Enquirer: 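Please read through the structure below; I'll follow up with questions.
Below, chain A is the first sequence line, B the second, and so on; all start at residue 1. Note that the coordinates shown come from a computational prediction; the quantities given were computed from them, not determined experimentally. When reading the values below, keep in mind they use all heavy atoms of this one structure, side chains included, and skip hydrogens, waters and symmetry mates.
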2 protein chains.
Amino acid sequence: MKSVRSIALAAAALAGAASAQHFQRLGTCPALGCVFPPDQADFLAGQYFDIRLEVHAPVNGSEANGLQPDEKFTFTIAKGDEEAKSVTEYFEIEDSKLERWNFTWFEDLFARDAKKPSLVNVTSKAYRRVALYEPGEYTATLSYNNGATTKATWLVRDLAEERRAKNIILFIGDGMTTNMITAARLIGHKSVNGKYQSKMQMDKFPVLGHQMTHSIDSFITDSANSASALYTGHKSSVNCLGVYADSSKSPFDDPKVETIAEIFHRLTGGLIGIVSTAYLADATPAALTAHTRDRSQYEHVIDTFLHGITNYTWTNWTGPDVLFGGGAENFYSPKLGGETYQDKDYYEEFSKAGYQLLHNRTSLLNAPNSDRALGVFTVSNMAKWLDRNVYRKNLNQSLSPTGDKTAALDQPGLKEMTLKAIDILHERSGDKGFFLMSEAASIDKMMHALDYDRALGELLELDDTINATVAKLKTLGCDKETLILVTADHGHGFDVMGSVDTAYLAAQDTQRKKRDAVGTYQNSGLSQYQTTGNLTLGGSNFPSNWDPRYTLFQGLMADPDRRENWSVHKDGPRKPAVEIVEDSEDFYANPKDGKGGLLLNGTLPVENDQGVHSLTDVPVFAMGPCQDLFGGVYNSIDIFFGMAECFGLGRGKPE
Amino acid sequence: MKSVRSIALAAAALAGAASAQHFQRLGTCPALGCVFPPDQADFLAGQYFDIRLEVHAPVNGSEANGLQPDEKFTFTIAKGDEEAKSVTEYFEIEDSKLERWNFTWFEDLFARDAKKPSLVNVTSKAYRRVALYEPGEYTATLSYNNGATTKATWLVRDLAEERRAKNIILFIGDGMTTNMITAARLIGHKSVNGKYQSKMQMDKFPVLGHQMTHSIDSFITDSANSASALYTGHKSSVNCLGVYADSSKSPFDDPKVETIAEIFHRLTGGLIGIVSTAYLADATPAALTAHTRDRSQYEHVIDTFLHGITNYTWTNWTGPDVLFGGGAENFYSPKLGGETYQDKDYYEEFSKAGYQLLHNRTSLLNAPNSDRALGVFTVSNMAKWLDRNVYRKNLNQSLSPTGDKTAALDQPGLKEMTLKAIDILHERSGDKGFFLMSEAASIDKMMHALDYDRALGELLELDDTINATVAKLKTLGCDKETLILVTADHGHGFDVMGSVDTAYLAAQDTQRKKRDAVGTYQNSGLSQYQTTGNLTLGGSNFPSNWDPRYTLFQGLMADPDRRENWSVHKDGPRKPAVEIVEDSEDFYANPKDGKGGLLLNGTLPVENDQGVHSLTDVPVFAMGPCQDLFGGVYNSIDIFFGMAECFGLGRGKPE
């Protein structure tokens, strides 16, 4: 079996010219014949997916060979050592019609600067909603150009039909790394003589793992393709939600893969809950139901929550029982300024489908647990913990979720949303159980903005939410039958290297003297965020003082130009860089940001006004049934397979 | 029990003025009475330790109270709710004599700039080599200044006298973080469509943990106090080896704590091996036998390897059976330029004690396994994997371990040293077993130098060493009885954020255009370090090409001024910053370094010519007996307690 993969590997290694770096002709397709799902794809037995085949004919550039795109390519599938069958025979489906298109790309940055794109003509076919049921290795072979082949080895993982968990709660700290957890612990928990007097809830989880987030065609991932990997077991490309990216013009015809929410709902009738502090059309919630290679199709995303996929026959989907977050602009009517799918009022659409509508914390807390609920609490991303709890005047913006331009002052936090989601899902699911995804989205958003304080506040709120969830499950008596996973989708290159004497920093008048304010090693001293006595918020662990004289010497490695004063940004989320000339895409340090601080030149291309994601493996914390599936180091897709195994979702034959 | 700790906590919180940040009067002593071991100290039952008591009388500064230092302080110990006894009664020892000294410190950076130190007069006593045998909580109380008290709660952990592992091998990747492991995997292992075709050996370990590295009196640690925490179960201060730091002038009278090597050797007669790619007097090897608050006492450190502690009665120590590494300058005679303890020739000293002397890779590989061995292979730190294997001309320096000023061309790597150490320890230990510490020291040293390629090369060499160790243990038939731990002592704020087109970078002529060479997200593309076919070195996983056009966009967050071209430094370890004026302690980007790259201003105080450590929790990988003790998230000191439990080293009464 191994040898098949080796052959495919060798073939890939030979295709030199196409393995450009910054730009690629088409990710996952180093040869001129492209198979999706590509080589190395793993499947859950019975998981729905689409097949997309492409043959590329480069017209110019280093790969040009003078050929027309092949119209007579063939595609076969063989299980193990069995005889190969044509795709139509294998799946007992009709052949599909030949499609044609073309696209351009740049071979490198020099070609881009010289405005010399490479043109590629394409022939293609797609086969929709098929499934493989028998575990084992398959060889999928595309034959084209009179004898060339592209082989893909597919693996259907071993069956696991026995259900071991009634419920799964998946917490995603977007962009959260071990480094950030360490920093959040430092500011949120007291230590005495090097020993913390309390632990993060995550620290108490019995099983720890690391997952590798590498995209399918680049080593850095975004939140769309990483969420897709976690939810579908299939790696993909940046910006993809639940599809492999093909080269066609439409963002709605790419080959789909079924998500954990779709499979669980289809096979068991179990209920789905989706909670996020982002706008709800954002990648991490969207990837549970949307299938598009363009994550910015927000209006479409909102429709898929309710109706699923409508342009092709797909899975059986009847909507989540809980959908809580921000992003009201994709729900309320265009008459109020909304941007919605087919210009409909999606509050009305959800209401017609039996959802109660919730627009603030008060109504959330008072909502009956007996009805499905749509909770949309603000335009755009939800307010940050730091602004909801400490710098409340920053809530005075025209972000009301009704679209009436008032302020959204009464917003719930992740904890209130998650606890209510559990109440509703628990009450409504009966014996069927539920799958809940709860996302602390603004850890990522605030790290992008280099707003470390707000990011760590969001992380502490996530930990507080997990803590409250553990207690809630015990109260409901379902802690033993509920698997809790806490993980991230990718990292940011963040760490803390010492402390900053902000009084000294502000008092110096040269750049080089300002750097003396930094204390490293023994001069880092102790955290000053916990020195003013009792914590401010009941039993939860948050800093009692966000604005001490000695702050953290912290930051990212990949930045725009910026000025760092390492102090809390009291006027709302940070904006580190601005354009001097409007629409120039040329960003400089924001003169209004980081006053008195150290001016630092960025390392990112100058069109960046914020930080970017990083490579690092991210942690996984597991507690509950099947927890042992999540220890050690593994691929991001193994989270999907672990959850599917725990829910017993493999199927050896069609139902 | 809990209440005792709470009281101590409250007392600590009240001592406001002394909780300065950059500088502290004395770490772990926020009040004017100081107890070492301090509050929150944990002990292995039967572990030797010293007690140091100090009473401080600040003469000036914010704490000055006009008092003379108390000469009549008393110190009592009470187990649980039992009656407190004086220290002399409790341990049945003589009272010790009163000592006096004074010291100065700065309250903050303004005081330092103004040259206004605070003076403190001190009275003190010390009690040497005591031990607590009964598990449980103890209250140690220092009474001074007519009614003031400083209380310390000590915990003797539960007994675990049953031995579960014959051998323990502790690998320390100095400065190694999860982020670095991810980066090393990216350059050393092939991935196809987002799936690695081979894994790191670390990735295959069944149990994963995170340890918190927080120092006792600052949140950033150095390699001395972090190694002490791992080896003794006691947190300490920066620069401390196996002691708590007192305020006296001598670096050799600080209160000691017994190390895992000392306890294991004393109680079981088991053998000790010490292997490092650093100079052997460096902190990580040194902390196994040295006890000083000043890690730079190199000559002293080398003597402790052989003779243990000689200025006080201490543990029973007869030297390690294996000691391999660099740092010949602290061994060969001062006549040849050596810097040695009491000007002795330490090759001669070790030889007289029965050690075979090894000075190159050839003699190492051919050495008999029947004799104890001292292997010193170079002056200073050992050559890096990248220089030994790829850029060999950089070995042409006058670093011969004999002191004869020739080049040390035939140096072993961590793998050869570790495998030979295991052979010797296995053959010589019989039923007694062994403890081996093997350190990949230059992960840290090369990260300090911002030489990411060399650092990752060292990390891959560590992984290769672990891989070979697992195989070696199987061959020797002792894999089932040997616990292998892999961890780090602290991190550096490192990550990878994308790729760099080095051809494009070099071709641009402005700083801002150069930044366009950076590719993020999808433009990071795939690793180009594995594209030239077969790996260069047998079955081991290292890059086949260290100098591809598309390199990693990687780095640290805390830096000196430097110029980054993100290319391999072919002329030997990087030197990113230099002084323009000699001895000015004012460092600028090295004009000879990073040619064609991007000039970046640093964030560290300008006297820094390299990067610094960071806060992040570091990973722990465990395999073998007791592996389950090392899952989840815990304190660095728990590594000591886990190893001690696995060796069954707790003792309920004196032997």
Enquirer: Any non-hydrogen side-chain atom of A/Gln554 less than 4.5 Å from a side-chain atom of A/Glu564?
Expert: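 No, their side chains stay 4.5 Å or more apart.
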Enquirer: Is it true that the side chains of B/Gln522 and A/Gln24 contain a donor and an acceptor less than 3.5 Å apart?
Expert: no
Enquirer: Among side-chain atoms of A/Ser636 and A/Lys235, is any donor-acceptor pair under 3.5 angstrom?
Expert: yes
Enquirer: Going by distance alone, is a donor N or O of one side chain under 3.5 Å from an acceptor N or O of the other, for B/Asp217 and B/Ser237?
Expert: yes
Enquirer: Distance only, no hydrogens: is a donor on one side chain within 3.5 Å (strictly under) of an acceptor on the other, for B/Thr221 and B/His214?
Expert: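 Judged by distance alone, the side chains do not pair up.
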Enquirer: Can you tell me which portion of A/Lys513 sits under 4.5 Å from chain B's heavy atoms? Options are side chain, backbone, both or neither.
Expert: side chain
Enquirer: Taking B/Met557, B/His492, B/Arg515 one by one, which has the highest count of heavy-atom pairs under 4.5 Å against chain A?
Expert: B/Arg515
Enquirer: So which residue, B/Ile181, B/Leu599, B/Asp113, B/Ile637, ends up with the most heavy-atom pairs under 4.5 Å with chain A?
Expert: B/Asp113
Enquirer: In terms of heavy-atom pairs under 4.5 Å with chain A, which of B/Phe587, B/Phe494, B/Tyr634 leads?
Expert: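 Looking at each of B/Phe587, B/Phe494, B/Tyr634 in turn, B/Phe587 comes out on top.
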Enquirer: Where on B/Leu109 is there a heavy atom nearer than 4.5 Å to chain A: the side chain, the backbone, both, or neither?
Expert: both
Enquirer: At a 4.5 Å cut-off on heavy atoms, which part of A/Asn239 comes close to chain B: side chain, backbone, both, or neither?
Expert: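 Contact with chain B is through the side chain of A/Asn239 alone.
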Enquirer: Of all of B/Ser524, B/Ser614, B/Gly632, which one pairs up most often with chain A through heavy atoms under 4.5 Å apart?
Expert: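 The candidate making the most pairs under 4.5 Å is B/Ser524.
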Enquirer: Considering only heavy atoms and a distance below 4.5 Å, find which of B/Gly491, B/Gly519, B/Gly27 pairs most often with chain A.
Expert: B/Gly519
Enquirer: Ring-plane angle category for B/Tyr196 and B/His189, please: parallel below 30°, perpendicular beyond 60°, tilted otherwise.
Expert: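 Ring orientation, 0 to 90° scale: perpendicular.
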Enquirer: Counting only non-hydrogen atoms closer than 4.5 Å, does A/Val496 touch chain B with its backbone (N, CA, C, O), its side chain (CB onward), both, or neither?
Expert: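 Looking at A/Val496, backbone and side chain both touch chain B.
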Enquirer: For A/Tyr550 and B/His22, run ring-ring contact (aromatic ring centres under 6.0 Å, His included): C-alpha distance rounded to whole Å, both residues' side-chain angles, the deciding distance at 0.1 Å, then the answer.
Expert: CA-CA 8 Å; A/Tyr550 292 93; B/His22 268 75; 5.7 Å; yes
Enquirer: Can you tell me which of B/Leu556, B/Asn225, B/Asp222 forms the most heavy-atom pairs within a distance under 4.5 Å of chain A?
Expert: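 Answer, by heavy-atom pair count under 4.5 Å with chain A: B/Leu556.
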Enquirer: By the definition side-chain hydrogen bond (donor to acceptor under 3.5 Å, both in side chains), identify the one residue from B/Thr177, B/Asp617, B/Thr616 that meets it with A/Asn179.
Expert: B/Thr616
Enquirer: So for A/Thr28, is it side chain, backbone, both, or neither that comes closer than 4.5 Å to the heavy atoms of chain B?
Expert: both
